[in-house]
Amino acid sequence: MTLLICEPQADRHRFLIQERLLTGSDPQHSFRLQAKGTPETVRVILSDLRARVQALGISEDQCGTIEIAMAEALNNIIEHAYAPECEGPLRLDVSLGDTQLQIETRDIGHPLPGLDLPVNAFPDASGPLDSLPEGGFGWFLIRELTNKVEYTRKENKNHLTLVFAINPTDPA
Amino acid sequence: MKLSTDTRNGVAIVTITDTRIDAAAAIQFKDAMRAATDKGPDRVILDMTQVKFIDSSGLGAVVAAMKYMGSGRKLDLAGLTTDVDKVFRLTRMNSVFDIYSSVDDAVDLRAAG
């Protein structure tokens, strides 16, 4: 496993990325990203994640799917789990299997209400201009773009696992 | 957040020159859109050709920009790239906006129609 540690420097938008290899797993197919999460660093994490997932041979279309779903998952952590400061540590463990890519996020923020994934209705966009929804799409997008989502709360930490089916015949 | 504005055939064209409309940019985008569309033609085409990524916060900001313009005016979108188009389709916001493949199409097709 490749362990990546992004440490904020004096300028909190810049990162020092350190890599070290952990023994016992395939460095090509699993890696970890760690960073101090803020709305700004989510961008850095997402572009790093996309580049690494792309390097694993995942198609452009699926890279887009993964980045959109992970943007929503990380934004939820920053805006809700880490409210009101909107910052705290983020850890992503990414592993690619034969038919799926799994990403587990871990944070030490507030638990999801009811200790479960929200069951939300799709925002209604059928009404007049004034009533059009400006939010509420996050969990909907995550569910639409993944094959499986799981949430657990363990030892005061949130674990969210997103699973994406990977078509092995997809051109990279 | 960088926006550039232009007018063609009596239509305002607002071009987003940043590549991401995300949670970190949504508020600045809304403010910049208000400033760019406060006055001027009733029809505004938002050129999204350079935007490679949008999240639900960015999507909400585009909807907010349209709502701010009011019902007497119109905000059309042009040049949605692959991932941006995916977000609009999945959230069904593609049915709320008129979406054109390019600014040229948005200006010309409307003029012809």
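Protein chains get the first letters and strands the later ones, always in sequence-line order, with residue 1 at the start of each.
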Exercise for the section: Report the C-alpha distance between A/R43 and B/F53 in whole Å, list the side-chain angles of each, state the deciding distance to 0.1 Å, and finish with yes or no for side-chain contact (heavy atoms from CB on, under 4.5 Å). Expected result: CA-CA 10 Å; A/R43 281 185 172 185; B/F53 188 80; over 6 Å; no
Problem - Interface residues of residues 148-155 of chain A facing chain B - non-hydrogen atoms under 4.5 Å apart - result: none
Practice task
Would you mind checking which part of B/M93 comes under 4.5 Å of any heavy atom in chain A, side chain (CB onward), backbone (N, CA, C, O), both or neither?
Solution key: side chain
Problem - Per-residue contact mode, B/L90 against chain A (heavy atom under 4.5 angstrom) - result: both
Exercise for the section: Report yes if the side chains of B/M66 and A/L132 come closer than 4.5 Å at any heavy-atom pair, otherwise no. Expected result: yes
Problem - Under 3.5 Å: donor-acceptor pair, side chain of A/E134, backbone of B/V63 - result: no
Practice task
Group every Ile, Leu, Val, Met, Phe, Trp and Tyr by side-chain heavy-atom contacts under 4.5 Å, then state whether A/L112 and A/Y82 land in the same group.
Solution key: yes
Exercise for the section: Treating Ile, Leu, Val, Met, Phe, Trp and Tyr as nodes and any side-chain heavy-atom pair under 4.5 angstrom as an edge, say whether B/Y68 and B/V96 lie in one connected cluster. Expected result: no
Problem - Residue pair A/F140 / B/T91: nearest heavy atoms and the distance that separates them - result: CE2-CA, 4.4 Å
Handout entry: Distance-only side-chain donor-acceptor flag, B/T82 / A/E60, under 3.5 Å
Key = no
Practice task
Might you point out which heavy atoms bring B/K86 and A/L145 nearest each other, and give the distance in Å?
Solution key: CD-CD2, 4.2 Å
Handout entry: Minimum heavy-atom distance between A/L46 and B/R20, given as atom pair plus value
Key = CD1-NH2, 3.6 Å
Handout entry: chain A neighbours within residues 21-29 of chain B, where any heavy atom lies under 4.5 Å away
Key = B/D22, B/A23, B/A24, B/A25
Handout entry: Closest-packed option against chain B by number of heavy-atom pairs under 4.5 Å, given A/C63, A/S126, A/G136, A/G64
Key = A/G64
Practice task
Could you tell me whether the side chain of B/V87 reaches within less than 4.5 Å of the side chain of A/F137, counting heavy atoms only?
Solution key: no
Problem - A/P128 versus chain B, the contacting section by heavy-atom distance below 4.5 Å - result: neither
Exercise for the section: Indicate if A/V163 and A/I166 have the same hydrophobic cluster label, given that clusters are the connected sets of ILVMFWY residues with side-chain heavy-atom separations under 4.5 angstrom. Expected result: no
Handout entry: Largest heavy-atom contact set with chain B, pairs under 4.5 Å, which of A/E144, A/R50, A/E79
Key = A/R50
Problem - Atom of A/L129, atom of B/S71 and distance for their closest heavy-atom approach - result: CD2-N, 3.6 Å
Problem - Straight-line distance of A/I68 CD1 to B/S56 OG, nearest 0.5 Å - result: 10.5 Å
